[in-house]
Amino acid sequence: MAVSAYIKNSPTETEHYILTPFQADGTPPSAFDEVDATLLPLGRGHIRRLRKVAIAANALNPTAVHAHSSFAGGYTRLALSRRQYRIVYTPHCFGFERKDLHPLARWAYRSVELLLGHNTTVLAACSSAEAALSERMGSLSGRVHYVPNLPSVKSSEGSIWTESTPLRVAMIGRISAQKDPQYFIDLIGEIRTHFPVDALWLGDGDVALKSLLHQAGVTVSGWVDPNSLRQELSTAHVYIHSAAWEGFPISVLDAHALNRPIVVRPIGAFVDLDPNAKTPTATSALIDSLKSTESFSKWTANNRLIWSDYLKLNDSSTQALALISAWGLEASSIGKASRPSDIIEKYNMNGN
């Protein structure tokens with residue numbers, strides 16, 4: 001979703017090429033079906049992927065190479081040199097922030113990031129918290145840009161809660177340790193001691209964790225298409241984001257775009273957010289508001305004001321300007337590559 005928004009908010013002359021693992025049938029991932037870019041297979045295996053990145057960069061001679069996520073950042077910064085290419089890296093949450101790893105593994109991730117930071121032209125952080133964390137890493141200091149994420153849905157109004165109906169609460173994401181279903185279950189349980197709750201998890205994932213959700217009376221939708229996701233989210237009276245670590249979740253932006261009140265846990269991604277929108281303060285205020293439709297409406301309005309102020313830079317114009325700066329387009333020509341057909345032919349000839 002983040003990559004799709006980046007492409008939509010790029011200068012119109014910009015050509016985009018995406019290296020991504022293809023599916024078992026040899027086709028690109030469906031997530032890129034409507035993305036205006038040429039898709040190239042990244043292949044399987046770490047060594048092969050390093051080679052693919054080098055071959056693609058040689059074939060394209062790009063203005064910038066933008067790596068998304070820890071593994072992509074590793075491949076790019078090991079395969080290429082920032083002396084030759086403008087290497088832009090967006091972690092979308094550093095690997096060393098994972099709470100499910102042994103402390104030694106987190107230390108190893110951090111050490112690798114510090115080392116590879118020397119071969120990074122720009123760290124394009126997806127949140128102000130990620131930008132601040134990157135600046136504190138000595139190898140990246142002075143080369144950090146903030147490139148905000150955007151919602152994946154258009155703004156609209158959602159369902160309105162009344163005290164005669166159960167409170168519908170939703171969470172979006174892969175059912176995994178990162179999204180922490182148990183934390184969601186505990187919050188739902190706390191609210192249910194005061195008021196009936198219809199809980200919904202939009203997503204799929206780990207079988208054991210999904211079973212815990214079912215046992216706690218949480219409906220699990222499975223993977224749904226973007227339109228169904230928007231429709232389901234718009235029916236929720238509250239969006240609760242239970243993740244234990246994040247870069248910056250697009251699902252929170254989607255909930256805000258649909259005018260849903262939002263409660264998150266106090267993690268690094270939201271370090272500078274008003275405590276009144278974070279647990280436990282927000283949970284207590286939400287429960288107190290359920291005494292009447294009017295009080296819930298007031299709580300919702302206050303919550304919306306907090307999030308509107310917090311997300312004021314998460315708009316397309318801010319992202320577009322940030323990308324131009326991160327990619328160095330103000331000092332470089334745009335679209336330096338050949339025709340897509342020429343690139344694919346050159347890439348395939350050298351990449352097998």
Please confirm whether the backbone N or O of P28 pairs with a side-chain atom of Q23, one donor and one acceptor, at under 3.5 Å?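 Looks like yes, one N/O pair under 3.5 Å.
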Candidate pair L286 and W299, rule side chain to side chain contact (heavy atoms under 4.5 Å, CB included), full reasoning: CA-CA 7 Å; L286 166 60; W299 174 80; 3.7 Å; yes
Under a 4.5 Å cut-off applied to non-hydrogen side-chain atoms, are [X] and [Y] in contact?
X: L209; Y: L213; answer: no
X: E113; Y: Y89; answer: yes
X: Y146; Y: T318; answer: no
X: M171; Y: V218; answer: no
X: H237; Y: P166; answer: no
X: I7; Y: I18; answer: yes
X: T14; Y: L329; answer: yes
X: V207; Y: I175; answer: no

I need the minimum non-hydrogen distance between A56 and L19, along with the two atoms involved.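 Closest heavy-atom pair between A56 and L19: CB-CD1, 3.7 Å.
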Looking at P181 and S176, what are the two nearest heavy atoms and their distance?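 For P181 versus S176, the nearest heavy atoms are CD-O, 3.2 Å.
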For the pair L39 and F22, evaluate side chain to side chain contact (heavy atoms under 4.5 Å, CB included) and give the outcome as yes or no after the intermediate values. CA-CA 9 Å; L39 303 178; F22 277 28; 4.3 Å; yes
Kindly check if the number of other-residue, nucleotide or ligand heavy atoms within 6.0 Å of [atom1] ([X]) is above 12?
X: R83; atom1: CZ; value: no
X: H214; atom1: NE2; value: yes
X: L305; atom1: CG; value: yes

Is V264 reachable from L258 through a run of hydrophobic residues whose side-chain heavy atoms are each under 4.5 Å from the next?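 Result: yes, single cluster for both.
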Are F195 and I185 grouped together when hydrophobic residues (ILVMFWY) are joined by side-chain heavy atoms under 4.5 angstrom apart?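 Looking at the clustering, I185 is in the same group as F195.
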For ring pair (Phe, Tyr, Trp, His ring centres under 6.0 Å), just list the numbers for H68 and Y6, CA-CA rounded to whole Å, side-chain angles, deciding distance to a tenth of an Å, and then say yes or no. CA-CA 11 Å; H68 297 268; Y6 285 8; 5.4 Å; yes
The criterion is side-chain hydrogen bond (donor to acceptor under 3.5 Å, both in side chains); which residues satisfy it with H66, sequence neighbours excluded?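 So H66 forms a side-chain hydrogen bond (donor to acceptor under 3.5 Å, both in side chains) with T90, W327.
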With rounding to the nearest 0.5 Å, note down the distance linking CG in L140 to CG in L114.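 That separation rounds to 8.0 Å.
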What distance do S289 atom OG and L167 atom CG have between them, rounded to the nearest 0.5 Å?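 Atom-to-atom, S289:OG and L167:CG are 8.0 Å apart.
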K210: partners by salt bridge (Lys or Arg N to Asp or Glu O under 4.0 Å), with sequence neighbours left out: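 For K210, the residues satisfying salt bridge (Lys or Arg N to Asp or Glu O under 4.0 Å) (neighbours in sequence not counted) are D204.
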Please name the residue in the list N149, N314, N9 that meets the side chain to side chain donor-acceptor pair (under 3.5 Å) test with Q319.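 With Q319 as partner, side chain to side chain donor-acceptor pair (under 3.5 Å) holds for just one option, N9.
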From N119, T121, T120, residue fulfilling side chain to side chain donor-acceptor pair (under 3.5 Å) relative to R77: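 Result: among N119, T121, T120, T120 is the only option passing the side chain to side chain donor-acceptor pair (under 3.5 Å) with R77.
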Aromatic rings F270 and W307: how do their planes relate, parallel, tilted or perpendicular, breaks at 30° and 60°?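 Ring orientation of F270 relative to W307: perpendicular.
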Aromatic ring pairing F96/F94, orientation class (parallel under 30°, perpendicular over 60°, tilted between):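 Ring orientation, 0 to 90° scale: parallel.
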Pairs in or reaching into [range]: which pass salt bridge (Lys or Arg N to Asp or Glu O under 4.0 Å), with residues at least two apart or in two chains?
range: residues 255-264; value: none
range: residues 304-328; value: D309-K312
range: residues 164-187; value: R168-D198, R168-E232, K179-E246, D180-R265

Before giving the answer on side chain to side chain contact (heavy atoms under 4.5 Å, CB included), spell out for I306 and L273 the whole-Å C-alpha distance, their side-chain angles and the decisive distance to 0.1 Å. CA-CA 8 Å; I306 291 171; L273 176 66; 3.9 Å; yes
Under the criterion side chain to side chain contact (heavy atoms under 4.5 Å, CB included), I'd like the reasoning laid out for Y239 against I172: C-alpha separation, chi angles, the key distance, then a yes or no. CA-CA 9 Å; Y239 179 71; I172 298 174; 3.7 Å; yes
Only pairs at least two apart or in different chains count here, so list each side-chain hydrogen bond (donor to acceptor under 3.5 Å, both in side chains) that has a residue in residues 99-110.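 Every side-chain hydrogen bond (donor to acceptor under 3.5 Å, both in side chains) pair that includes a residue of residues 99-110, provided the two are not neighbours, is R98-D100.
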